[in-house]
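Here is the structure we will look at.
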Number of protein chains: 2
Amino acid sequence: MSTEARPRTQRERRARTRAALLDATIDCLVDLGYSGTTVQEICRRAGLSRGAQQHHFTTKAELMAAAVEHLAGRLRDEVRGTLTAPQGPRRIGEAIDLLWRGFSGKLSTAALELWVAARTDEELRRSMLPVDRALGRSTLEIYREAAGADLPAERLETLYWLTVNVTRGLALDAMIGGDPARRAHLLDEWKAIATSVALEAGRPGPRSGRPAPWKDIPAPGL
Amino acid sequence: MSTEARPRTQRERRARTRAALLDATIDCLVDLGYSGTTVQEICRRAGLSRGAQQHHFTTKAELMAAAVEHLAGRLRDEVRGTLTAPQGPRRIGEAIDLLWRGFSGKLSTAALELWVAARTDEELRRSMLPVDRALGRSTLEIYREAAGADLPAERLETLYWLTVNVTRGLALDAMIGGDPARRAHLLDEWKAIATSVALEAGRPGPRSGRPAPWKDIPAPGL
DNA sequence: ATACATGCGTGCAGGACTGCATGTAAAGTA
DNA sequence: TACTTTACATGCAGTCCTGCACGCATGTAT
């Protein structure tokens with residue numbers, strides 16, 4: 001029997017229960033959607049009582065806010081975990097695959113539910129914005145390191161955000177029940193396009209001089 | 001006083017009430033989100049009673065299903081309405097702008113709410129899938145006509161769906177509260193990329209031979 | 001060992017929403 | 001004009017969810 005069999009110290013108990021609640025929250029979001037997610041069900045899945053939940057997170061909104069950070073952390077781990085620093089000629093395609101995998105899993109589904117809910121929930125949105133922003137930044141950072149000096153920073157950012165948005169759209173399509181084959185095809189096409197764009201170092205911008213680079217990167221997250 | 005001041009015939013009354021309810025439903029989806037949308041509020045906004053609603057749509061699910069079709073119709077009108085058949089060298093950029101405008105308005109926001117809700121609501125999803133599929137097809141058709149024979153059909157479809165997905169992602173970003181300047185920048189970049197892709201008639205595919213074209217186009221809609 | 005703090009369970013009240021049953025007025029029909 | 005159908009309103013019941021108060025047990029400090 002491991003030393004983790006049953007938490008004896010308060011700190012351990014606290015951490016375990018909180019984690020159980022937050023994981024259950026994410027599960028609920030994935031399985032039932034935001035509107036179907038109720039504290040009752042969360043507690044049921046976590047194997048805890050309403051009282052326990054209320055002890056740790058007084059209100060439902062508080063629980064959701066905490067779930068946001070928990071989710072961001074797990075997403076970050078997922079991205080970092082799958083990043084195998086692809087190098088070589090096909091590295092861009094691999095990077096896109098990576099982003100796609102990261103943004104089409106269960107965690108991202110939960111994030112989507114939260115974001116859509118946050119649209120009409122001021123409090124939730126305030127909780128999510130900074131967390132999501134930080135996640136976006138750190139993810140971009142990972143790719144920036146992986147790219148090294150091969151790619152101008154600006155070009156990389158453009159491709160990164162375009163890819164993020166394409167994958168977001170494809171993730172939605174997958175949610176909806178779109179054709180997987182079509183998604184795969186589009187992803188392949190996008191890889192080819194992104195690769196060729198990345199390689200054309202001197203490609204002209206939208207019109208003549210390219211617009212000023214945009215600072216202050218906001219939310220990806222999904 | 002127009003002849004429409006107060007509907008006298010039953011058929012008219014019916015059509016008016018139904019339209020009022022469905023429009024109110026869409027308004028609610030935009031303002032309150034799916035989880036915040038309640039039949040009570042819908043009736044309040046429509047200026048009708050619960051009884052009236054129930055007379056036309058027995059259950060809430062039925063009302064939502066009808067709202068889906070209503071929404072699709074309005075979206076289709078919107079797309080058709082703004083389509084001014086842009087021709088000339090910059091037509092691709094204009095077309096992308098069009099798609100973006102169509103997919104980032106209020107109606108699309110409502111559609112997004114419905115789609116996200118449909119993910120965990122089998123019944124709603126069954127209602128939405130065919131409607132959305134038809135909408136996607138007809139929209140693509142519009143662009144196919146606009147493009148004429150200038151662009152290979154396959155290339156057009158790829159660009160169309162990629163654009164749809166990019167705009168979907170950007171629409172999400174807008175919802176969330178992302179930076180408008182960044183979205184504008186990304187849209188410009190995408191226009192440039194799409195244009196260059198469209199013009200390079202002989203650009204190689206993902207690898208050597210391009211994959212078989214994918215049939216059976218499913219859902220865009222958002 | 002005693003007193004306090006923390007983690008957690010149970011029961012209840014208030015509120016909200018959906019669905020139904022009943023009633024009334026207006027439109028259509030013979 | 002008398003009768004039927006349709007459109008719409010009102011009231012009520014059942015259900016579900018959230019938040020709170022209280023009670024018990026287990027850690028923790030002195």
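Note on naming: letters A, B, ... go to the chains in the order of the sequence lines (proteins, then strands), and numbering restarts at 1 for each one.
Put simply, the side chain of A:Gln53 and the base of C:dC8 share no donor and acceptor less than 3.5 Å apart. Between the side chain of A:Arg50 and the base of C:dG9, no donor-acceptor pair of N or O atoms lies under 3.5 Å. Not a single donor-acceptor contact under 3.5 angstrom links the side-chain atoms of B:Gln54 to the base of D:dC8.
In summary, of the residues considered (B:Asp27, B:Asp31, B:Asp23), a salt bridge (charged side-chain N to carboxylate O under 4.0 Å, His left out) with B:Arg45 occurs for B:Asp31 alone. Checked against B:Met128 for a side-chain contact (heavy atoms from CB on, under 4.5 Å), the options B:Leu135, B:Leu71, B:Leu114 give a single hit: B:Leu114.
What separates CZ of B:Arg13 from C1' of C:dA26 is a distance of 6 Å, to the nearest Å. Rounded to whole Å, atom P of C:dG15 lies 19 Å from atom NZ of A:Lys60. In this structure, NE2 of B:His56 is placed 14 Å from C1' of D:dT5, rounded to the nearest angstrom. Look at CG on A:Leu48: it is 11 Å from P on C:dT10, rounded to the nearest Å. In this entry the distance linking CD of B:Glu62 with P of C:dG19 reads 10 Å, nearest Å. Atom C1' of nucleotide C:dT18 and atom CG of B:Asp121 are separated by 15 Å, given to the nearest angstrom. Atom CD1 of B:Ile42 and atom P of C:dA16 are 17 Å apart (whole Å). Rounded to an integer number of Å, the gap from CZ of B:Phe57 to P of D:dC8 is 11 Å.
The side chain of B:Thr38 contributes an N or O atom lying less than 4.0 Å from OP1 or OP2 of C:dT18. An OP1 or OP2 oxygen of C:dA27 is reached within less than 4.0 angstrom by no side-chain nitrogen or oxygen of B:Thr9. Within the 4.0 Å cut-off from OP1 or OP2 of D:dT18, not a single side-chain nitrogen or oxygen of A:Thr59 is found. Using a 4.0 Å cut-off, no side-chain N or O of B:Thr17 falls inside it from OP1 or OP2 of D:dA7.
Between B:Arg101 and B:Glu78 there is no salt bridge, since none of the side-chain N atoms of the basic residue sits less than 4.0 Å from a carboxylate O of the acidic one.
Comparing C:dC8, D:dC8, D:dC17 by their nearest atom to the side chain of A:Gln40 picks out D:dC17.
Side-chain contact between A:Trp161 and A:Leu140: present, with at least one pair of heavy atoms (C-beta onward) separated by less than 4.5 Å.
In this structure, B:Glu123 places its CD atom where only 12 or fewer heavy-atom neighbours from other residues, nucleotides or ligands lie under 6.0 Å away.
When each of A:Ala61 and B:His55 is assigned the nucleotide of DNA chain D bearing its nearest heavy atom, the one mapping closer to the 5' terminus is B:His55.
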